[in-house]
Amino acid sequence: MKKLMNDSTKIVSQFLDGLVASHGNLIKRLEGTEVIVRKEMIPNKVGLISGGGSGHEPAHAGYVGTGMLDAAIAGEVFTSPGADQFLAAIQAADQGSGVLLIIKNYNGDVMNAEMAMEMAEAKGIETAMVVVNDDIAVDDVENRRGIAGTVLIHKVAGAKAEQLASLQEVKEVAERAISNVRSMSVALQACTLPSASKPSFSLSDTQMEVGIGIHGEQGMSREDVLTSYEIAELLVSHIEKEVDVTKPVYVLVNGMGSTPLLEQYVFANDTVSILKKNNVHVEKMLVGDYMTSLDMAGISLTLFAIDEELHSLLQSKATTIQWTEVSQ
Amino acid sequence: MNSHQVQQWMETTLSLIKENETTLSELDQTIGDGDHGVNMVRGFQAVVDEFPNWEQENTSAVMQKIGTTLVSKVGGASGPLFGTGFMRLGAAFKSEEGAWADGLTKAAEGIAQRGKVSVGDATLLDVWDPVAKVVQAKGTDWAEVERAAQDGMNGTKQLETKRGRGALLKERSIGHLDPGAVSSYYLFHALVQTMTKGEN
């Protein structure tokens, strides 16, 4: 399998160095770690950190900056970073008002984060955690994965923290947002890990995988491939059942890594016309690669039902690599 | 067990995991994300590489350092689980008396707690728990440990995975060995080899 790389065991470290070399005005790398931190910390602000395995770029380092995250941890590809890395991020992000960890719901991420929180508490740093589980493809709510909706949680929690809200207040707004955000995805082609010789699974030219996660794991069902409009109908019909669509919604159309923007906007157009037909008020559309799965081809759709406060938090200014003024 | 034996144990584990790296990753590809082999090799390689720095340390301290190295270098879910196991073993080895029975029991409890898993969920606990129980009941009978570890590993094939990404497959996970149980088997197989060296 061809990859643009030098050494699969150094790919994350070289990525982080490249990110800093390109965006040194916004971020820096915490020396000796796989942690990217915001260049200028704000005194007394609640620290916000996120992280997990790599392979989801621009997540999460692409959301470090003003109005979003203070630190992001990049583990090996699709592998949670160790607790020591989470601890380093917590310590860097702590400005005296505690640190909130925004974790996607995977056992490894949660376990390492919990271990790090225990270590941080022992050092006198107050911490709290919210777990994002927006992927409705999984029936069992306890096992629901965190996928692209996580980015919207970064945004609202980040904006709240920037207002110098307390750790408890930031946590509450993040939890309220989590309960209003739902996603589901479809893959047209599996991804290949840098260390692997073949894709995680194989799909024929006429098949798609429905209910895929962001780690190349198999989805919930394999179906004959549909048109973009039909896929949008399928995903909207599932997600609508779980989101209060009587409220205005933010829509996130997220490319999985190898989905051309040409196709993403076709899908966005289909989604918006279906939602309009269903009398759903679309407040804002976001389209692009926000939370990828290496070189997977496919799309995820996220609907986020907003209230007044969530709306204003989403609209407030953030300056990061991926979330820019265009997203406001 | 002295710290030299711990080193042998880790070296043997590493070579077993290395030999079977592709198999471990392929098992993980079936029910997870396909990197268990790579992660375990990275972690145990780091442990083996660190040994020269731990020359002055006693068995208990070395085991605890193995634990923190695995947490840091394996990452994922396996890092904290194997790491917790070794940290608990290390704590028990502060006194030699009954260290194996006490340490393995506390390791299995620690893994269950950290991973929020129960016996029968088709995870590494299905190897650690029977090993702990057999040592608790019969002492360090290494042939029994080998059997318990092997049976535990094989047992995960019939079980539905209840935790981790494999759980998403529900009944589709039945029929596959759990990768963490397989690498745990290698770990205990290496322990048995280390402890029975020269006996036969």
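We name chains A, B, ... by the order of the sequence lines, and we start the count at 1 in each one.
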*Asks:* Once you round to the nearest 0.5 Å, how far does CG of D35(B) lie from OG1 of T79(A)?
*Replies:*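 The distance works out to 3.5 Å.
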*Asks:* Quick one: pull up NZ in K73(B) and CD in E76(A) and give me the separation to the nearest 0.5 Å.
*Replies:* 9.0 Å
*Asks:* Let me know if E34(A) has heavy atoms under 4.5 Å from chain B in its side chain, its backbone, both or neither.
*Replies:*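 Contact with chain B is absent: no heavy atom of E34(A) under 4.5 Å.
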*Asks:* Given heavy-atom pairs under 4.5 angstrom as the criterion, report whether the side chain, backbone, both or neither of P194(A) touches chain B.
*Replies:* neither
*Asks:* Does anything in residues 3-15 of chain B reach chain A? List residues with heavy atoms under 4.5 Å apart, or say none.
*Replies:* none
*Asks:* Working to the nearest 0.5 Å, report the span between CZ of R42(B) and OG of S195(A).
*Replies:*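 Here the interatomic distance stands at 9.0 Å.
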*Asks:* Could you tell me which non-hydrogen atom of D84(A) sits nearest to which non-hydrogen atom of S72(B), and how far apart they are?
*Replies:* OD2-OG, 2.9 Å
*Asks:* Counting only heavy atoms not in K3(A), do more than 12 sit closer than 6.0 Å to its NZ atom?
*Replies:* yes
*Asks:* Which members of residues 110-127 of chain B, sorted by number, sit under 4.5 angstrom from chain A on a heavy-atom basis?
*Replies:*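 Within residues 110-127 of chain B, the residues that come under 4.5 Å of chain A (heavy atoms only) are R114(B), G115(B), K116(B).
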*Asks:* Of all the heavy-atom pairs spanning G76(B) and N112(A), show the shortest one and how long it is.
*Replies:* O-ND2, 2.7 Å
*Asks:* Considering only heavy atoms, which portion of E142(A) lies under 4.5 Å from any heavy atom of chain B: side chain, backbone, both, or neither?
*Replies:*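 Only the side chain of E142(A) comes within 4.5 Å of chain B.
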*Asks:* With a 4.5 angstrom heavy-atom cut-off, is it the side chain or the backbone of S78(B) that approaches chain A, or both, or neither?
*Replies:* neither
